[in-house]
Undergrad: 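Pasting a structure here, questions to come.
In what follows, chains carry the letters A, B, and so on, assigned in the order in which the sequence lines appear, proteins first and then strands, with residues in each chain numbered from 1.
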Amino acid sequence: VEERQLIERSRSGDRKAFGCLVRQYYARIFRSALLFLKDRARAEDFTQEVFLAAFRSVRRFEGRSSFYSWLYGIYLNLARKRLRDRGRETGRKEVTIEGWASLPAPRAERKEDVMALVDAVTSLPSELRSVVELCYFDRLSYREIAGVLGCPEGTVKSRLYYAKEKIREKLKDHELFRRYRYPSDGEPAEEKES
Amino acid sequence: MSECTAIREQFEDRLCGTLPPEEEAALEVHLDRCPACRGAWEDFRALSRMLSGERDEILQVLAAPKGLADRILDAIEGEAAPYASPHPRETRGIGPLAILGSWTLTALVTIVYGALFYLFFGKVGLFEWLGARLRVPPETEYLLSMGATMTMLGWLAFFLFSISALREEPRVFPLSGKKT
């Protein structure tokens, strides 16, 4: 069934059709939520909150953007609200990368490298983190990212530059970065760039 | 903005090959004479390769837990359907307030209309003026005037309020208010 049909059916209250959309996109939203909240349990709850909000307002989705753009917009709205609420909380301890004990490990020897990179991405300000997520993890084009975030393509590109600059500052002395920066010394010589 | 900053903001365009040829040439000239920007460009390329090269493992780390989709669907099952109202969309949103508003507006418009007509023609309303022309008894003339005017303007006002009530959108993303 085409996504357009699923959306139309969802708009008229068909939960099964909306369920298909949930299965299609929940992993992406969870990933963004995890990078934002740095806590798996809270990210699961937040993902659920995003889809509940989407279900309640799906009848107002008019198809002027892709469904994922619209859904990501809901995620961003709720994330901003969460940030405001968090700002009002005082003395709350931030969850750090060390708290991710329950994460599934990639290959054991790569875990430290990958976690360092994930940590660098999570530490980005939200507007920079979003462009990295959408560009490198979701593999959206600049135009699609601009549509999702509601900004010009040029802004997407400059945010990508500043995001990478911040990641570089964080990882400049890390072995992972050095392997990519000086490929003749290590493994990854000709990885695809973008 | 310094020249170096402006040059570095073009790195993403250069990386994806969308930099116009003249700007590409200017950037290359700058990189040849600015070791700091040359180093920044190499760092930038390395970071881009790193983000692409480590993608699969990052996605594995950030993978959603099994059962999350089912949990979301269970939560949605407990939600009222988006079309919970038994009324069709065309009549939703027109409540007692809209009706009260429409008749308040009707009364105001009628008073203003009557006052203006009296000011210019010395009569209370259009129908009274017509009644005088048609030579109907005065009491019928008054009832005809006010009744017809109220009815006509009432329907007009109700129509306008109905349209505005239909066009009124609720908040874009309503929140449940639940703590998660």
Undergrad: Report which part of B/R71 has an atom under 4.5 Å of a heavy atom belonging to chain A: side chain, backbone, both, or neither.
TA: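 For B/R71, the contact with chain A is made by backbone and side chain together.
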Undergrad: With respect to chain A, which residue among B/L51, B/L59, B/D56 yields the maximal number of heavy-atom pairs within a distance under 4.5 Å?
TA: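 Of the options given, most contacts go to B/L51.
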Undergrad: Quick one: of A/V50, A/V132, A/V121, A/V22, who has the most non-hydrogen atom pairs under 4.5 Å with chain B?
TA: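 If we count pairs closer than 4.5 Å to chain B, A/V22 comes out on top.
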Undergrad: What part of A/Y161 lies closer than 4.5 angstrom to a heavy atom of chain B: side chain, backbone, both or neither?
TA: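 Both parts, backbone and side chain.
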Undergrad: At a heavy-atom separation under 4.5 Å, does A/V156 approach chain B through its side chain, its backbone, both, or neither?
TA: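 For A/V156, there is no contact with chain B at all, as no heavy atom is under 4.5 Å.
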Undergrad: Considering only NZ, NE, NH1 and NH2 on the basic side and carboxylate oxygens on the acidic side, decide whether A/R4 and A/E8 come within less than 4.0 Å.
TA: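 A/E8 and A/R4: not salt-bridged.
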Undergrad: Which of the residues A/E165, A/R181, A/K157 is involved in the greatest number of heavy-atom pairs with chain B at under 4.5 angstrom?
TA: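 That would be A/R181.
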Undergrad: Pick from A/S65, A/S66, A/S130: which one makes a side-chain contact (heavy atoms from CB on, under 4.5 Å) with A/Y72?
TA: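 Checked A/S65, A/S66, A/S130 against A/Y72; only one passes side-chain contact (heavy atoms from CB on, under 4.5 Å): A/S130.
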Undergrad: Who pairs with B/R38 by salt bridge (Lys or Arg N to Asp or Glu O under 4.0 Å), at least two apart in sequence or on another chain?
TA: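 B/E28, B/D32.
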Undergrad: Check whether A/Y68 forms a cation-pi arrangement with A/R28 (NZ or CZ under 6.0 Å from the six-membered ring centre, at most 45° off the ring normal).
TA: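 A/R28 over A/Y68 ring: yes.
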Undergrad: Can you tell which of B/E3, B/R8, B/Q10 makes a side chain to side chain donor-acceptor pair (under 3.5 Å) with B/H30?
TA: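 For B/H30, the side chain to side chain donor-acceptor pair (under 3.5 Å) check succeeds only for B/E3.
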Undergrad: When you measure from the centre of the six-membered ring of A/F177, is the NZ or CZ of A/K172 closer than 6.0 Å and no more than 45° off the axis?
TA: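 Judged by the rule, A/K172 and A/F177 form no cation-pi pair.
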Undergrad: With only heavy atoms counted, which part of A/I29 is less than 4.5 Å from chain B, the side chain, the backbone, both or neither?
TA: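 Interface part for A/I29: neither.
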